[in-house]
Amino acid sequence: MPELPEVETMRRGIAGIVGSRVVDCGPVKCLRKPILISPAAATFRKRAIGTTVAAVERLGKRVVLRLDSADSIVIEPRMTGLVLVTDPPSEEHLRFHFRLQGGSIPEFWYWDRRGLGSVRLFQPKEFATTFGPEKLGPDALVLSAKELRERLQSSRREIKVALLDQRVVTGIGNLYASEILHLAQIHPQRRCDQLQTRHWQAIHAAMLEVLEEAIRYEGSTLGDGTYRNALNEAGGYQNHHRVYARAGEVCRSCARGAIERIVQAQRSTFFCPRCQRPQRKPALGRSR
DNA sequence: CCCCAGTCCTGCGGGC
DNA sequence: TGCCCGCAGGACTGGG
């Protein structure tokens with residue numbers, strides 16, 4: 001499930017196309033239901049072919065190709081999308097193709113097993129409204145601890161659920177939310193409005209540490225093996241997960257707690273009940 | 001404001 | 001052995 005570290009790895013994998021000219025692009029004939037491509041192929045090609053890639057950026061969990069025409073191509077991998085410069089895991093799930101000239105990468109593909117992702121081209125105004133600040137919060141690697149606190153301190157939501165809200169902070173998904181809260185030693189069900197400044201500082205520090213470490217390992221490739229980098233190689237961070245998909249196993253921090261799995265907002269959360277204590281309950285009755 | 005369930009989609013693994 | 005079903009979850013939507 002590509003989140004910030006996986007998408008950043010994808011971005012780096014095709015960063016070499018900067019300066020190259022798009023000589024062809026378009027959907028790959030696919031037996032499956034086609035993924036979302038907009039505008040329709042003819043218009044897409046007309047606007048993209050002949051342009052030069054000015055930059056390859058990451059916008060939360062999306063890869064953005066900035067063209068010298070001022071248009072932007074946004075690749076959104078959702079669950080199973082990949083950007084590949086080499087042999088795909090399977091031919092049948094190739095979805096979109098780019099051919100380039102003038103650089104070290106002559107072509108690359110968008111591959112997507114489940115087909116929930118998209119490849120879209122935006123003109124500047126449309127891009128601004130689609131990805132404006134009210135739709136997408138600051139990037140997780142840029143946001144400060146103070147800003148994170150200010151955005152959530154009055155929310156009654158559980159902290160783990162709030163971290164998944166891309167309007168608050170972009171780039172964190174289900175896997176890294178669990179990892180971040182474990183490193184920060186915060187129980188995933190603690191309410192945002194009951195966290196103190198020191199808790200927000202811990203979450204912020206853990207967010208940077210986990211995401212940067214995961215980027216160094218080129219992301220997480222889970223059991224289904226879906227996620228791969230642009231060279232179709234698995235990531236390595238799954239071997240360093242503290243809690244994710246480790247239910248019943250011993251906690252690597254305290255070496256005593258067994259990792260638990262709970263469901264929040266219809267998604268799995270993993271945590272260590274010893275390292276991540278729940279909200280202190282107000283004392284009942286009166287103390288003597 | 002926030003929550004919840006439903007939607008898209010495929011592959012995998014448990015259960016019988 | 002084979003089939004069915006539940007599950008995985010990012011982003012979005014509609015209703016409460």
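Chain letters run A, B, ... following the sequence lines, proteins first, then strands; residues in each count from 1. What you see is a predicted model; the values in this text were computed from it and never measured.
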query: Does A:Gln266 or A:Asp165 map to a spot on DNA chain B nearer the 5' end, using the closest nucleotide for each?
result: A:Asp165

Rounded to whole Å, how long is the line connecting atom [atom1] of [X] with atom [atom2] of [N]?
X	N	atom1	atom2	result
A:Arg156	B:dC3	CZ	P	9 Å
A:Leu82	B:dG11	CG	C1'	15 Å
A:Leu164	C:dC12	CG	P	14 Å
A:Leu4	C:dA11	CG	P	11 Å
A:Gln264	B:dC4	CD	C1'	14 Å
A:Glu158	B:dC2	CD	C1'	12 Å
A:Leu136	C:dG10	CG	C1'	12 Å
A:Ile159	B:dC2	CD1	C1'	15 Å

Considering every strand and a 4.0 Å limit on heavy-atom distances, what is the contact class for [X]: base, sugar-phosphate, or nothing?
X	value
A:Arg62	sugar-phosphate
A:Tyr244	sugar-phosphate
A:Arg191	nothing

Strictly below 4.0 Å: does [X] bring a side-chain N or O up to OP1 or OP2 of [N]?
X	N	value
A:Ser268	C:dA8	yes
A:Tyr227	C:dG9	no
A:Arg167	C:dG10	no
A:Ser155	B:dC1	no
A:Gln166	C:dA11	yes

query: Between A:Phe122 and A:Phe131, does the ring centre distance come in under 6.0 Å?
result: yes

query: Do A:Phe108 and A:Phe96 make the cut of ring centroids closer than 6.0 angstrom?
result: no

field: Side-chain donor/acceptor contact of A:Glu76 with base of C:dA11 under 3.5 Å
entry: no

query: Nearest of B:dC3, B:dA5, C:dG10 to any side-chain atom of A:Arg267?
result: C:dG10

Could you pull out every donor-acceptor pair under 3.5 Å between side chains of residues 132-144 of chain A and any protein atom, sequence neighbours left out?
residue  : atom : partner  : partner atom : Å
A:Lys135 : NZ   : A:Thr129 : O            : 3.1
A:Asp139 : OD1  : A:Arg58  : NH1          : 2.7
A:Asp139 : OD1  : A:Arg58  : NH2          : 3.2
A:Asp139 : OD2  : A:Arg58  : NH2          : 3.1
A:Asp139 : OD2  : A:Leu141 : N            : 2.9
A:Ser144 : OG   : A:Glu147 : N            : 3.0

Where do N or O atoms of nucleotides 8-10 of chain B meet protein N or O atoms at under 3.5 Å, pair by pair?
residue : atom : partner  : partner atom : Å
B:dC9   : OP1  : A:Lys33  : NZ           : 2.5
B:dC9   : O2   : A:Arg114 : NE           : 2.9
B:dC9   : O2   : A:Arg114 : NH2          : 3.0

query: Is it true that the side chains of A:Gln264 and A:Glu158 contain a donor and an acceptor less than 3.5 Å apart?
result: yes

field: Lys/Arg cation over aromatic A:Phe127: A:Arg120, 6.0 Å, 45° cone
entry: no

- request: Decide if atom CZ of A:Arg191 counts as having more than 12 heavy atoms of other residues, nucleotides or ligands within a radius under 6.0 Å.
  value: yes

query: Can you say whether the rings of A:Trp111 and A:His93 are parallel (under 30°), tilted (30 to 60°) or perpendicular (over 60°)?
result: perpendicular

field: Heavy-atom side-chain contact between A:Met79 and A:Arg114 under 4.5 Å
entry: yes

